[in-house]
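Only one structure is covered here, and it is reproduced in the block below.
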Amino acid sequence: MLLIRCPWCGERAESEFSYGGEADIRRPTDTDHLSDAGWGDYLFMRRNPCGPLREQWVHAHGCRRWFTLVRDTQSYRVLDQDVVPGEARMDEEPA
Amino acid sequence: MKNRYSLLDIVRHGLRHNAHWGRAWRSPEPRRAYDAVIVGAGGHGLATAYYLAREHGLRNVAVLEKGWLGGGNTARNTTIVRSNYLWDESTQLFEKSMQLWEGLSQALNYNVMFSQRGVMNLAHTLQEVRDTQRRINANRYNGVDAHWLTPAQIKALVPNINLQARYPVLGASFQPRGGVARHDAVAWGFARAADSLGVDIIENCPVTNIRLRDGAIEGVDTGKGFIATRKLGVVVAGHSSVLADMAGIRLPIESHPLQALVSEPLKPCIHTVIMSNTVHAYISQSDKGDLVIGAGIDQYLGYGQRGSYHSIEHTLQAIVEMFPSLSRVRMNRQWGGIVDVSPDASPIISRTPVKGLYFNCGWGTGGFKATPGSGWVFAHTIAHDEPHALNAPFSLDRFHTGHLIDEHGAAAVAH
């Protein structure tokens, strides 16, 4: 089982988390002019790399907040992580 | 076929203490060019090469394998064979495969131990009862054997099942022609038959780069040098995205770990294959006596051929709830494979935007049953540069047209 560090709650077992897949996929803004291929690319095509991947997790059975991990999909080791923009950790002073 | 196996052979070699059997296939060094190259010597890749040689006369063919033959998902699945899918496109593809299974041992002159002991898909909720009966009707319209079992009929076939579990068993679909096959023998049988038709199977030969020229395939760089070819068929399951990346195309594939496990060998106690989508578990008993148990996929992307403990714990909880008599059976081995999951739980057997490059992937958790059919249609696709009617609906462009074949209900969890 993966040991995942929630930015707010600390290290918890993987079973407390739900997976949100590849991060940084942006919904196209100019949807009126988007081709079928463009829609298909946004909806279905994925990088799926063998190596470092930026991915989304949510602490579903905890604080229920989203964050991003950089995890190696070969070794499963977490390399880096950050919070979703706009969210602040509890231990940080509001800006 | 050279060195055809026969009863006389068995007797003759038996009298010589079985010490003089020849190798079942060669281990050639790669030539510099081939008419077609298949990447991945799993069941699907070897079947593709076999049908290319047998059905389409394409014998100057190589199968490249980065590890050893049949060492990936072919060795890591739970060997279940069935064709009771919901949609017409899937049913026809998997039924073609089932028909090939039924004559496979004879065709390959190799016993793949295909055992048609039946496959039972349990229904635990009222909605699942309705969905299952709908699927049975769809199967029968497509000429696939399927019928509904009441709880009493299930109990008669599987006396040790607990029908009054936390999620009571309300009925089941049953496909008597379904069953299991010996996974290694499938790879070995196809390898031997393809080899005898002239196909070169080259192990320990990873593909490191795909060379293109003017939007067409020129060849592949491998651990054993450059190999030129105009037709490249990629059948690498969990590593499909890695190979696609080499050719500069994108796939709608995500690779997840899928775990399975086997128990210590027991006397025969489960005579059919029992699967449950609701409680995420499936079980059968191999000819050797061990219980073969499958789990759902692990949630995260991973190429590590291992998963998380709580996935198998969850599966065994369901198995013990359904079969209380197995609660003290010890598990012998557990493993993970990397499955290539597609958005609609249906495979992609297709040409690509690159001329001469073909992909056969997206089988997800249910590829083993399709091994012969997958190879058969993929060989046709490669040989004619266009899909067979059976796999035309499974092309890559369905993710642009929106014509998905959504088998999540019938196929997503249990195979």
Side-chain angles (χ1 to χ4, degrees), chain A residues 1-6 11-26 28 31 33-62 66-81, chain B residues 66 206 236-246 248-257 259 296-314 317 336 338-346 348 352-353 361-362 395-404 406:
Chain A
M1 186 165 344
L2 303 181
L3 188 62
I4 296 172
R5 194 167 66 83
C6 170
E11 287 192 334
R12 299 297 178 93
E14 178 205 330
S15 49
E16 291 188 14
F17 297 85
S18 288
Y19 190 58
E22 183 180 325
D24 309 320
I25 297 172
R26 290 200 168 75
T31 50
H33 300 101
L34 196 64
S35 64
D36 288 350
W39 273 118
D41 203 59
Y42 159 66
L43 286 170
F44 300 121
M45 301 299 162
R46 295 292 179 262
R47 286 180 53 233
N48 193 29
C50 180
L53 167 71
R54 278 176 59 80
E55 59 186 14
Q56 310 173 108
W57 288 84
V58 59
H59 194 185
H61 298 287
W66 288 90
F67 57 98
T68 309
L69 287 188
V70 182
R71 191 177 56 92
D72 189 317
T73 59
Q74 179 80 49
S75 68
Y76 298 172
R77 193 170 296 138
V78 176
L79 306 172
D80 196 8
Q81 69 182 114
Chain B
K66 71 171 175 180
V236 295
H239 280 72
S240 296
S241 300
V242 177
L243 271 285
D245 196 44
M246 290 179 192
I249 61 171
R250 273 161 72 77
L251 292 177
I253 296 291
E254 294 193 303
S255 299
H256 289 265
Q259 300 182 80
I297 59 171
D298 278 90
Q299 58 178 339
Y300 47 82
L301 298 196
Y303 284 82
Q305 292 191 324
R306 63 190 184 282
S308 294
Y309 179 72
H310 66 93
S311 299
I312 42 179
E313 187 180 30
H314 176 82
Q317 285 167 349
I338 302 305
V339 296
D340 42 339
V341 177
S342 71
D344 55 358
S346 287
I348 298 160
T352 66
C361 60
S395 71
L396 190 54
D397 63 16
R398 74 177 187 269
F399 299 99
H400 297 155
T401 63
H403 195 136
L404 303 185
D406 185 8

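We name chains A, B, ... by the order of the sequence lines, and we start the count at 1 in each one.
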(request) Heavy-atom pairs under 4.5 Å with chain B are the metric here; pick the option from A:D41, A:N48, A:L2, A:T73 that has the most. (result) A:N48
(request) Could you look at A:D72 and say if it's the side chain, the backbone, both or neither that has a heavy atom under 4.5 Å from chain B? (result) neither
(message) Quick check: do A:R12 and A:H61 have side-chain heavy atoms less than 4.5 Å from each other?
(response) no
(request) Please look at B:R398 and chain A and tell me whether the side chain, the backbone, both or neither of the residue comes under 4.5 angstrom of a heavy atom of that chain. (result) neither
(request) Flag the pair A:Y42 / A:T31 as yes when at least one side-chain heavy-atom distance between them is below 4.5 Å, and no otherwise. (result) no
(request) May I ask you to name which of B:S255, B:A244, B:S311, B:G238 has the most heavy-atom pairs under 4.5 Å with chain A? (result) B:S255
(request) Decide yes or no for A:S15 and A:M1: does some side-chain heavy atom of the first lie under 4.5 Å from some side-chain heavy atom of the second? (result) yes
(message) So A:C6 and A:W57, do their side chains get closer than 4.5 Å, heavy atoms only?
(response) no
(message) Between B:H256 and B:D298, is there a side-chain heavy-atom distance shorter than 4.5 Å?
(response) no
(message) Just verifying a value: how many Å separate B:R250 CZ and B:L396 CG, rounded to the nearest 0.5 Å?
(response) 11.5 Å
(message) To the closest 0.5 Å, what do you measure between CD (A:E22) and OG1 (A:T68)?
(response) 11.5 Å
(message) As an exercise: rank A:D36, A:L53, A:L43 by heavy-atom pairs under 4.5 Å with chain B and give me the winner.
(response) A:D36
(request) Sort out for me which of B:R306, B:E254, B:Q305, B:H239 touches chain A most, counting heavy-atom pairs under 4.5 Å. (result) B:R306
(message) With a 4.5 angstrom heavy-atom cut-off, is it the side chain or the backbone of B:L251 that approaches chain A, or both, or neither?
(response) backbone
(message) Please classify the contact of A:R71 with chain B as side chain, backbone, both or neither, using a heavy-atom distance under 4.5 Å.
(response) side chain
(message) What part of B:I249 gets within 4.5 angstrom of chain A, counting heavy atoms only: side chain, backbone, both, or neither?
(response) neither
